[in-house]
Amino acid sequence: MKPDIPAVLAEIAGLAARNAAPDVDPAERAGALGLSAALLGMAAEAWDGAAQRLVEENQAVRALLADAGERAGENASLASGADNDLRISTLSANNARLRAALIALHVAVEGDEAPEARALESRIWDELRLSTERHRLSGALA
Amino acid sequence: MTSADLASRLAAYAASRMPGAVGVEVRDLSRISGGASRQTYRFRLAWTEGGARRERRLILRRDPPASLIDTERRVEFAAYSAFHGSEVPVPEMIWLEEGTKALDQPFSVAEEITGFEAAPALLWAEPYLSAHATLARNKWTLLGHISRADPFALGLDRVMPPPSPEACWVRELDMWEKVLDEDEVEPLPITRAAIRWLRAHPPPPAQKISVVHGDFRTGNFLYDRQGGIHGVLDWEMAHLGDPLEDLGWSLNPVWNFKRDLAGGLVPDVVAIAHWEASSGLRADPSALHWWTLFNCVKGQAIWISSARAWIDGGNREPIMVLPAWGLQNAQDRAILKVMGRL
């Protein structure tokens, strides 16, 4: 999730401290509390599974790039990568590189009528669908 | 700036705009939560004029340092003013101040329409639940009135550049893709796929050049328990363009509030029928599909922009994080749904 959860939590901490002052307008305090509560709920839900989701997604995209072979172009080398560093920031950076490569691969296969390209595009859509389910939050607004 | 400072400076500004008034006071100034694109306050303006003490309830909308939607306040003010007194209910605009001397940021002051609700959350329980059919009829009938209006007769072409009917789609798509290019925080495979599809399958020219509200959805109007609508709000994205753009935004699945109904109220087909009856226009299914998908892309651009504004430090209010965290994934799923990929 962007902005990153730790940065948002730090900002909410500062906001809570400022709202502890007695002279804050009650309506403003109530609004800040309500929004903070909603964000804290989403952060709590996302936190535990964040690394697992990123690792799963990175593996899925690497598999697509590996199966794409030459169609992956200059991104083909990303297929052999691995997530050895499990910090969220590192996993997210790897994820961003892989998602950019996925977009390039998607563009490459969209205009290709070869059966392998059609099959690959179908798998890309499957992965995109799975990705939205991985990142789905019960407390989301819609 | 403290609330007391803001009230004092606002009162001084009001006095400068009311030469016949003395004893101008701003009372009960309080911030209204939400308002990601403007800082919104309600207050009572009191003054003496012609020997009589008077009072009026007003709304102050002040630009934050960085907002969810970067728009010109002048355009928003003109849109509200154009429809005031028409069959589309809007609050009366009182003052527009584009300078920064009075309150540090540009702002506008408008009439407060009181006694009604705006929050969608109330709609999913009685007594509002029973009024959904009426509310939906009023909602899309009003949107039809907006679509039917002649923006040239209203003088809105003086502040909103009119595109040609053939260029409506490309102007909007170019604009929102540029927002994504500039504000994207991480790669967006689903949104980019949607953009490629939109460019490969352009819609037909607009039937007419209409006023496009730009954010016509459940949550941006004031309603009562019987389904009446008493104020159409949030015109900050108003522009001239294809009338199907607004209809498509109202059908963006993120505004279904998890109810699989247009605006959380009625099936899409019912909403479209109300709009067609009121506007006198036709919602060609393939053209409307294009505009609905386009609006999913536009929505994603707005949610991404809020994340960017927060990350860059221009606006660190929690309201800027809420759409980025709470809507981005839902918008991706909406794109998949509209593209038939879900």
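Basis for what follows: all heavy atoms, side chains included, without hydrogens, waters or symmetry-related copies.
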Could you tell me whether [X] atom [atom1] has more than 12 heavy atoms of other residues or ligands within 6.0 Å of it?
X: A:Asp112; atom1: CG; value: yes
X: B:Lys258; atom1: NZ; value: yes
X: A:Asp48; atom1: CG; value: no

Exercise. Is it true that B:Glu186 and A:Arg99 make a salt bridge, defined as a side-chain N closer than 4.0 Å to a carboxylate O?
Worked result: no
For this session: Could you walk me through whether B:Leu322 and A:Met42 pass side-chain contact (heavy atoms from CB on, under 4.5 Å), step by step?
Result: CA-CA 9 Å; B:Leu322 198 63; A:Met42 287 188 224; 3.6 Å; yes
Can you tell which part of [X] gets under 4.5 Å to a heavy atom of chain B, answering side chain, backbone, both or neither?
X: A:Leu15; value: side chain
X: A:Ser138; value: backbone
X: A:Ala43; value: both
X: A:Glu45; value: neither

Problem set entry | Note, A:Glu133 side chain near B:Arg333 side chain (heavy atom, < 4.5 Å) | yes
Problem set entry | 4.5 Å side-chain heavy-atom contact, B:Glu317 and A:Leu35 | no
Seminar exercise, completed: With chain A, the option among B:Trp325, B:Trp310, B:Phe257, B:Trp255 that has the most non-hydrogen atom pairs under 4.5 Å is B:Trp325
Exercise. So which of B:Arg192, B:Arg259, B:Arg316, B:Gln331 has the biggest tally of heavy-atom pairs under 4.5 Å with chain A?
Worked result: B:Arg316
Problem set entry | Any donor-acceptor pair under 3.5 Å from A:Arg129 side chain to B:Leu342 backbone | no
Exercise. When you measure from the side chain of B:Asp332 to the backbone N and O of A:Thr132, does any donor-acceptor pair fall under 3.5 Å?
Worked result: no
Seminar exercise, completed: The reported gap from CD1 in A:Ile124 to CD1 in B:Ile190 (rounded to nearest 0.5 angstrom) is 12.0 Å
Seminar exercise, completed: In this structure, CG of B:Leu336 is separated from OG of A:Ser131 (nearest 0.5 Å) by 9.0 Å
Exercise. What are the two closest non-hydrogen atoms of A:Ile103 and B:Pro189, and how far apart are they?
Worked result: CG1-CA, 3.5 Å
For this session: Could you check B:Gln328 against A:Met1 for side-chain contact (heavy atoms from CB on, under 4.5 Å), going step by step and ending with a plain yes or no?
Result: CA-CA 9 Å; B:Gln328 195 180 327; A:Met1 292 198 300; over 6 Å; no
